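Beneath this line is the structure, given in structure tokens, with notes to follow.
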Amino acid sequence: MAYISRDDTDIHYEYETAKNTSDRTETLVLIHGLGFNLSSWDFMVPYMTDNYHIVRYDLRGHGLSGSSKTTLDKLAALFVENLRMLLDDLQIQSFHIIAHGAGSIIALYFAKAYPDRVRSTVLLSLPLFNSSGTANKYKDYRKKLMTYQSMLALADHVIPNATLYPRHSAETEALYSAFAKVTFDVYLELLDFFAYAHNEIMDLFKQHTHPTLMLTGEQDPMYPPYLSSLIASANPNCRFMTLYNASNMVFYDQPEETFKQIEVFLKSKWMNRAPLDPLLLNLHSELLDMVNNNPADNAPSVQLKINLLNRFTVAVDDIPIISGWGRRSAKDLLIYLLLNPVVTRDRLCEELWRDMDLVKARGQLRVCLTHLKQLLNNEATKLIYSDKQQIALQTAVDSDVLTLLAEINRANEETNPELKEPLIHSVFAQIQPDLFRNLNQEWNLHLRVKIEIQLVTLAHQQSDYLASQGKFTAAIAFLKYVLLFNAEEFDAYERIANLYEQNHQKHEAKKWRLKAEQLQHTKSM
């Protein structure tokens with residue numbers, strides 16, 4: 001194993017020379033993404049080593065590389081210097097960078113710091129959104145998955161969305177192993193940095209003058225082709241291509257095809273490319289203006305907190321907004337935007353005022369939206385973006401209902417009963433009678449029913465697990481949650497009676513059998 005050490009930090013790397021070498025043999029530097037390590041390139045490297053020297057390394061805090069304490073404002077420079085000292089140590093002056101995910105951001109910072117050393121850049125699934133508000137939302141969602149400092153919960157979100165390999169395949173298990181080597185603090189540090197520096201990174205990409213190829217997977221749900229192509233259009237030096245039958249890790253799902261396209265790019269005559277015809281450039285100027293001057297980019301980072309479970313509360317930067325929610329459908333409109341952050345005006349009208357003529361509903365929406373913006377002091381906070389077609393909530397939202405949904409999903413996805421048990425307990429610790437009193441409109445009842453069905457399923461699973469361990473009292477408690485959401489589930493009464501009997505509580509068992517008989521009698525009438 002090869003390491004370089006600087007400033008008390010060891011950086012692990014691998015350097016492989018080309019099988020066919022000459023004075024003109026070029027070097028490819030591979031930078032992996034957040035949560036992974038240099039082994040993520042294993043499938044593609046064999047296609048590269050015939051004619052290229054290969055350098056790949058573990059980012060600080062990943063794989064076998066160490067990490068040291070730093071601050072967000074110094075993190076980019078630290079990543080750049082880690083790579084510089086590695087290349088200096090290997091006496092490599094000129095090279096192409098091929099980077100995935102967060103590694104692409106490091107490539108942009110390095111190319112700015114040392115432009116004469118980088119010949120070209122290949123960015124695989126560049127993690128940029130069209131606004132910092134969206135980046136913060138995604139950051140906050142990932143952080144909520146890490147509420148209990150569980151890297152497994154985070155891996156369960158990232159990895160199935162990063163590759164098309166089946167969950168329990170050897171290829172996927174290798175990615176889980178890589179995630180397990182990254183500490184909670186390191187991941188959180190990088191997550192905060194990429195959201196904090198999103199606008200700066202976007203500007204870096206727009207101003208990036210090196211020949212660039214951006215590749216995205218056809219089935220990438222995190223940075224889908226339509227988003228990546230829009231981002232790519234902001235830089236005239238960038239070529240864009242979608243690879244089929246691939247997700248976010250295109251080089252993992254389709255290593256041979258990925259390298260084929262990279263090699264075509266590296267060998268192409270991009271240095272002698274003719275300037276774009278002025279007429280064609282003008283034809284696309286409106287789209288380019290939209291990309292470069294997105295209104296959402298100007299939105300400040302404002303924290304919006306909305307609680308729906310049990311009691312409705314709203315706070316902006318921890319300052320509660322108490323009054324005004326009972327007028328002009330402000331509460332319903334905000335709840336809708338929380339659950340549907342981007343929506344067309346007509347869709348809103350159909351959902352909230354479906355019994356009203358569309359023209360009148362549009363007028364009603366204008367009045368309600370104006371009132372909501374006043375409540376949120378939108379001129380200053382810019383929490384809501386609206387135009388003639390759509391309305392968007394464009395900031396990170398801290399919401400108890402979103403947290404509950406994320407925790408329910410984690411509990412549902414966990415297959416190990418021992419790991420599943422604390423996740424279910426965490427979910428049901430939040431459950432109280434009349435939990436969903438604020439999800440009582442026709443348009444959101446489907447969400448309420450969906451959540452209730454998921455909770456009933458989890459309660460049954462946990463009751464079965466506890467009963468199998470002889471913990472009858474706890475098993476009964478979870479079946480009572482079932483009745484909280486479905487008071488007419490006959491089987492739950494019978495199962496509670498049986499568990500009381502097994503727990504030698506015959507009097508309670510008799511009471512619950514009587515309740516079951518009464519329910520059956522009522523249904524038969």
Side-chain angles (χ1 to χ4, degrees), residues 30-45 56 59 62-63 97-108 121-130 134-135 137-139 141-143 145-146 151-180 182 187 190-191 194-195 198 201-202 205 212-232 238-262 409 413:
L30 312 183
I31 311 177
H32 66 78
L34 179 58
F36 302 109
N37 57 41
L38 62 76
S39 67
S40 64
W41 301 104
D42 282 353
F43 296 162
M44 192 167 71
V45 164
R56 49 178 169 159
L59 297 178
H62 291 64
I97 297 180
I98 301 173
H100 166 241
S104 300
I105 294 172
I106 296 170
L108 293 174
T121 53
V122 178
L123 310 178
L124 310 177
S125 305
L126 177 66
L128 283 178
F129 295 97
N130 211 33
T134 305
K137 285 181 184 179
Y138 197 38
K139 176 202 73 173
Y141 176 72
R142 288 196 179 189
K143 288 176 77 170
L145 293 176
M146 301 164 69
M151 290 301 293
L152 178 60
L154 186 65
D156 281 339
H157 163 68
V158 173
I159 294 172
N161 286 314
T163 178
L164 299 183
Y165 282 104
R167 167 62 182 88
H168 294 292
S169 64
E171 294 84 358
T172 300
E173 290 299 332
L175 299 180
Y176 273 88
S177 296
F179 251 77
V182 182
Y187 197 99
L190 288 171
L191 205 58
F194 293 136
H198 183 272
I201 297 164
M202 177 66 84
F205 175 72
T212 298
L213 172 66
M214 185 190 295
L215 294 179
T216 188
E218 167 216 5
Q219 299 185 48
D220 183 357
M222 293 184 282
Y223 306 98
Y226 66 83
L227 172 63
S228 294
S229 64
L230 189 66
I231 300 299
C238 181
R239 298 184 186 182
F240 173 78
M241 178 176 288
T242 299
L243 292 184
Y244 289 91
N245 297 317
S247 187
N248 181 273
M249 299 180 74
V250 291
F251 59 98
Y252 206 73
D253 289 339
Q254 296 292 336
E256 184 176 7
E257 181 62 23
T258 299
F259 181 63
K260 177 181 176 182
Q261 298 304 327
I262 292 173
N409 287 335
E413 291 170 3

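Note that the structure is predicted; figures quoted are calculated from it, not measured.
At distances below 3.5 Å, not a single donor-acceptor pair connects side-chain atoms of N161 with backbone N or O atoms of P221. At least one donor-acceptor pair closer than 3.5 Å links the side chain of S177 to the backbone N or O of E173. Not a single donor-acceptor pair under 3.5 Å links the side chain of H32 to the backbone N or O of W41. In terms of modelled atom types and a separation under 3.5 Å, the side chain of R56 and the main chain of L30 share no donor-acceptor contact. Listed for the S104 side chain is a donor-acceptor partner under 3.5 Å among the backbone atoms of A99. Between the side chain of Y187 and the backbone N or O of F179, no donor-acceptor pair lies under 3.5 Å. No donor-acceptor pair closer than 3.5 Å links the side chain of T172 to the backbone N or O of S169. A donor-acceptor pair is defined here as one N or O able to donate and one able to accept, closer than 3.5 Å; no such pair exists between the side chain of E218 and the backbone of A246. Panel note: side chain N37, backbone A178; no donor-acceptor pair is recorded below 3.5 Å.
Using a 4.5 Å heavy-atom threshold, the side chains of Y252 and H100 count as separate. Under the 4.5 Å side-chain criterion, counting only non-hydrogen atoms from C-beta, L34 is not in contact with V182. Side-chain contact between Y223 and I231 is absent, with no heavy-atom pair separated by less than 4.5 Å. A heavy-atom distance below 4.5 Å is found between the side chains of I106 and L59.
The nearest pair of heavy atoms linking T212 to T121 is OG1-OG1, 2.8 Å. Counting all heavy atoms, side chain and backbone alike, T258 lies closest to V250 at OG1-O, 3.0 Å. The two residues N245 and Q254 make their nearest non-hydrogen contact at O-NE2, 3.0 Å. Between F240 and P225, the closest heavy-atom pair is CZ-O, 3.7 Å. Taking every heavy atom of both residues into account, M249 and S40 meet most closely at CE-CB, 4.0 Å. Minimum heavy-atom separation, S125 to N248: OG-O, 2.5 Å.
Going from atom CG of L164 over to atom CD of Q219 covers 5.0 Å, rounded to the nearest 0.5 Å.
Checked by atom type, the side-chain pair D156/Y176 shows a donor-acceptor distance below 3.5 Å.
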